[in-house]
Amino acid sequence: MAREVKLTKAGYERLMQQLLQERERLQEATRILQELMESSDDYDDSGLEAAKQEKARIEARIDSLEDILSRAVILEGVGGETIGLGSVVVLEDPLSGERLEVQVVSPAEANVLETPMKISDASPMGRALLGHRVGDVLTLETPKGKREFRVVDIRA
């Protein structure tokens, strides 16, 4: 049996949107490849080979997205008193007062470029956050080294 992938509703919708975009890209790549094959006399043409490789990359991305989405279980009732999958957590550095907002998500949704940062529950930081409550102080491994944070807020 295939392993389920737990996703937030927003994460599921984002992956569905990516799938639609990749399918559009595939149509365009297929069109370009067909034009190159019709106009090319030599099958060793580097442009033709590059187009084939691009089409294969897009197809692999579509396969990956379809696999994740087919196994997706959307998290319901996220929230509570402890940090779990889907929780949005506000952390504060007790020394500097700097605040950091993260959401604990599955690896399929992880993206540190979003706001709040989406931290995988399989990452060291994600694993360290799970199960903690408001007021807990914990040491987290960050890109700036080990830092201490206090859990200020937990929400869905």
Side-chain angles (χ1 to χ4, degrees), residues 1-33 50-156:
M1 182 177 186
R3 226 177 71 199
E4 64 184 28
V5 178
K6 296 179 181 175
L7 298 173
T8 61
K9 187 173 194 279
Y12 182 85
E13 290 169 359
R14 183 172 46 83
L15 291 176
M16 283 296 292
Q17 186 61 38
Q18 287 178 10
L19 179 59
L20 293 173
Q21 290 171 349
E22 291 298 326
R23 286 180 176 156
E24 288 173 10
R25 287 184 61 216
L26 180 60
Q27 287 178 349
E28 180 66 13
T30 301
R31 185 189 61 74
I32 291 170
L33 182 59
K52 286 180 184 178
Q53 289 175 358
E54 178 63 14
K55 183 176 183 268
R57 277 192 294 274
I58 295 168
E59 288 170 337
R61 177 70 177 145
I62 288 172
D63 288 345
S64 174
L65 287 167
E66 287 176 340
D67 177 56
I68 290 167
L69 292 167
S70 72
R71 297 181 292 125
V73 175
I74 297 176
L75 298 171
E76 299 290 336
V78 176
E81 295 183 10
T82 61
I83 300 170
L85 198 59
S87 297
V88 176
V89 184
V90 179
L91 303 167
E92 182 178 75
D93 182 325
L95 299 176
S96 69
E98 175 188 354
R99 286 193 172 204
L100 175 65
E101 187 173 7
V102 299
Q103 183 176 21
V104 181
V105 296
S106 69
E109 274 189 84
N111 185 346
V112 297
L113 300 178
E114 286 188 28
T115 303
M117 285 191 298
K118 304 219 180 307
I119 304 296
S120 166
D121 65 335
S123 71
M125 181 184 246
R127 282 193 309 271
L129 288 170
L130 293 175
H132 282 280
R133 299 173 178 271
V134 171
D136 287 358
V137 176
L138 54 152
T139 302
L140 300 174
E141 188 65 43
T142 71
K144 296 179 182 177
K146 288 188 178 194
R147 294 179 59 192
E148 201 170 83
F149 288 96
R150 184 172 58 85
V151 179
V152 177
D153 189 24
I154 302 170
R155 62 182 182 275

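Hydrogens, waters and symmetry mates are skipped; everything else that's a heavy atom, side chains included, is used.
Side chain of Ser87 to backbone of Val89: no donor-acceptor contact under 3.5 angstrom is found. Side-chain atoms of Thr30 come within 3.5 Å of backbone atoms of Leu26 as a donor-acceptor pair (strictly under, hydrogens ignored).
A pairwise comparison of heavy atoms in Ala29 and Ile58 identifies CB-CD1, 3.9 Å as the closest pair. Residues Leu65 and Glu22 share a closest heavy-atom pair of CD1-CG, 4.1 Å. The two residues Leu140 and Ala128 have their closest heavy-atom pair at CD2-CB, 3.5 Å. Residues Ile74 and Thr8 share a closest heavy-atom pair of CG2-C, 4.3 Å. Closest heavy-atom contact between Ala51 and Leu33: CB-CD1, 3.9 Å.
Under the salt bridge (charged side-chain N to carboxylate O under 4.0 Å, His left out) criterion, the residue pairs touching residues 117-127 are Glu114-Lys118, with sequence neighbours excluded.
The side-chain heavy atoms of Arg61 and Gln18, taken from C-beta on, include a pair separated by under 4.5 Å. Within the 4.5 Å cutoff, no side-chain heavy atoms of Val134 are placed close to those of Val152. A heavy-atom distance below 4.5 Å is not found between the side chains of Leu138 and Glu148. Side-chain contact between Ile119 and Gln103 is absent, with no heavy-atom pair separated by less than 4.5 Å. Leu75 is listed as a side-chain neighbour of Leu85, based on a closest heavy-atom distance under 4.5 Å. Counting heavy atoms from C-beta outward, Val104 and Met125 have side chains that stay 4.5 Å or more apart. Annotation: side chain of Asp93 is not in contact with side chain of Leu100 (no heavy-atom distance under 4.5 Å). Between Val102 and Leu129 there is a side-chain heavy-atom pair separated by less than 4.5 Å.
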Worked check of side chain to side chain contact (heavy atoms under 4.5 Å, CB included) between Val151 and Ile83: CA-CA 9 Å; Val151 179; Ile83 300 170; 4.2 Å; yes
Salt bridge (charged side-chain N to carboxylate O under 4.0 Å, His left out) between Arg147 and Glu98, intermediate numbers included: CA-CA 11 Å; Arg147 294 179 59 192; Glu98 175 188 354; 2.7 Å; yes
Test log, rule side chain to side chain contact (heavy atoms under 4.5 Å, CB included), inputs Gln27 and Arg31: CA-CA 6 Å; Gln27 287 178 349; Arg31 185 189 61 74; over 6 Å; no
Full working for side chain to side chain contact (heavy atoms under 4.5 Å, CB included) between Ser120 and Val105: CA-CA 5 Å; Ser120 166; Val105 296; 5.5 Å; no
From CA spacing to verdict: side chain to side chain contact (heavy atoms under 4.5 Å, CB included), Val5, Val73: CA-CA 6 Å; Val5 178; Val73 175; over 6 Å; no
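Checked for salt-bridge contact, Arg150 and Asp136 miss the test: no charged N lies under 4.0 Å from a carboxylate O. A salt bridge is absent between Arg25 and Glu28: the closest approach of a Lys/Arg side-chain nitrogen to an acidic carboxylate oxygen does not fall below 4.0 angstrom. Ionic pairing of Arg155 and Asp153 is present here: one or more N-O contacts between side-chain nitrogen and carboxylate oxygen are shorter than 4.0 angstrom. Comment: Arg71 does not engage Glu4 in a salt bridge, judged by the lack of any side-chain N to carboxylate O separation of less than 4.0 angstrom.
One finds the CD atom of Glu101 at 8.5 Å from the OG1 atom of Thr115 (value rounded to the nearest 0.5 Å). Atom CG of Leu91 sits about 6.0 Å away from atom CZ of Phe149, to the nearest 0.5 Å. Once rounded to the nearest 0.5 Å, the distance linking CD of Glu54 with CD of Glu59 reads 10.5 Å.
Glu66 pairs with exactly one of Ile62, Ile68, Leu69 by the side-chain contact (heavy atoms from CB on, under 4.5 Å) rule, that one being Ile62.
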